[in-house]
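Reading through the C-alpha cells given below for one structure.
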Amino acid sequence: MLQDYFEQGDTTTLARQLLGKQLFYHSPAGVLSGYIVETEAYLGELDRAAHAFAGHRSPKNEALYQAGGTIYIYTIYGQYLLNVSTQPQGVPQGILIRGLQPHLGQAIMRQHRPHARTDFELTNGPGKLMAALGIQDLSLNLQNYTDSALTLNLTAGKRPLKIEAASRIGIGVQGKWQAAPLRFYVAHNPFVSKIPKRALNLENYGWQS
DNA sequence: ACGAAGATTATCT
DNA sequence: GATAATCTTCGTG
C-alpha cells in the first residue's frame, strides 16, 4: 500500500528510491506521465530549510503533517511545486519532485509550456513540470497519490545507472542544513534542473537498459 | 484591503 | 552567478 511505503522508510532513502518511479496525472486534456529524475528530502522540525522547521504549521503546509503519500502542493513566486508527504501523520517530512522525464502526453505538455526552448526545458524544474502537467491550483493539495488524479506507480519504472547526491537548491539558509546532501538525481539525465550540458548522456539518459 | 513570504524562472553577464 | 520579474496564499487589521 502506498501509504505504508511512504511511512516505513526514512525520508532520505525514500527520496532516492523515488528516482525512476512513474508519476501519472489524469488531466482534463488526457493522461500525462513521466519518470521522476530529481528529488529533495525535507526532514521536518529539525531541518532549518524545511517548511515545518521548529514545528511551524499553517494551512499552507498542513499536508506535511498528514499521512505518508499525501499530496503537498504550494506556491512560490507564482509557481506551483509538487511534494509527497512522508512519515506517519504528525511527522512533517516530505519530498519535493524537481525533475520529470516525460513519458505519455509530451505534446500536451508542450502546449502547456509553449515557450520552452527545448523539450528538455519542458519539465527540468519543479515549477516547470507542474506547468507542463497543467496543474496550476491547489485543488489536489491534501489529497493522496492513491485516490486522486495524481498517482504514483511504485512497482514499475526505470532504474538509474547512478544516483548523484548534492545540496538542495534555492533554500535560504546557511550552515549544515544548506550543505546537507539531500538532493538526489539521476546522473547524466537531461531533465535534471541546473545540470551542466557536458554532464548529459543523450544515449541512455542515465538509465539502465 | 494590504503586506509579507517565498523549496522559482528566464535572461542576462 | 547575478539579477529582476514573478503571483498566489495566508495572516493581520
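Since we're looking at a predicted model, the values are computed, not measured.
Across all strands shown, Leu96(A) has heavy atoms under 4.0 Å from base atoms, whether or not it also approaches the sugar-phosphate. Within the 4.0 angstrom heavy-atom criterion, base atoms lie near Asn83(A).
Contact of the Met109(A) side chain with the Arg113(A) side chain is not registered, since no non-hydrogen atoms from C-beta on lie closer than 4.5 Å. Side-chain contact check for Tyr35(A) versus Trp207(A): some heavy-atom pair is nearer than 4.5 Å. A heavy-atom distance below 4.5 Å is not found between the side chains of Arg168(A) and Val173(A). Proximity of Val37(A) to Tyr205(A): side-chain heavy atoms (C-beta onward) are nowhere separated by under 4.5 Å. In this structure, Pro190(A) and Leu202(A) have side chains that are in contact, with non-hydrogen atoms separated by less than 4.5 Å. At least one side-chain heavy atom of Met130(A) sits less than 4.5 Å from a side-chain heavy atom of Ile73(A).
Residue-nucleotide stacking is present for Tyr42(A) and dA7(B), judged by a side-chain ring centre under 5.5 Å from the six-membered base ring centre and planes under 30° apart. dT8(B) has Tyr77(A) stacked on its base ring, the centres lying under 5.5 angstrom apart and the planes within 30 degrees of parallel.
If you check dA7(B), dT6(C), dT9(C) against the side chain of Thr75(A), the one that comes closest is dT9(C).
For Glu203(A), the CD atom sits in a loose shell: 12 or fewer heavy atoms of surrounding residues, nucleotides or ligands are nearer than 6.0 Å.
By the ring-ring contact (aromatic ring centres under 6.0 Å, His included) test, Tyr5(A) is found to be paired with no residue, residues two or more places apart in sequence or in another chain being considered.
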Taking only N/O atoms, report every protein-nucleotides 10-13 of chain B pair under 3.5 Å with atom names and distance.
from	atom 1	to	atom 2	distance (Å)
dA10(B)	OP1	Arg113(A)	NH1	3.3
dA10(B)	OP1	Arg113(A)	NH2	3.3
dA10(B)	OP2	Lys128(A)	NZ	3.3

**Fill in**
Intra- and inter-strand pairing of DNA chain B, written as dot-bracket with Watson-Crick and G-U pairs under 3.5 Å and | for the latter, reads ||||||.|||||.
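Within the structure, no pair that satisfies the salt bridge (charged side-chain N to carboxylate O under 4.0 Å, His left out) test touches residues 127-152 of chain A, not counting sequence neighbours.
Shortest non-hydrogen contact noted between Ile195(A) and Asn189(A) is CD1-O, 3.7 Å.
Transitive grouping of hydrophobic side chains (ILVMFWY, heavy atoms separated by less than 4.5 Å) brings Leu23(A) and Ile163(A) into a common cluster.
Near DNA chain B, defined here as any heavy-atom distance below 4.0 Å, the residues from residues 45-70 of chain A are Ala49(A), His51(A), listed numerically. Shown for residues 165-180 of chain A: no residue has heavy atoms falling under 4.0 angstrom of DNA chain C.
For dT9(C), one of the phosphate oxygens OP1 or OP2 lies less than 4.0 angstrom from a side-chain nitrogen or oxygen of Tyr80(A).
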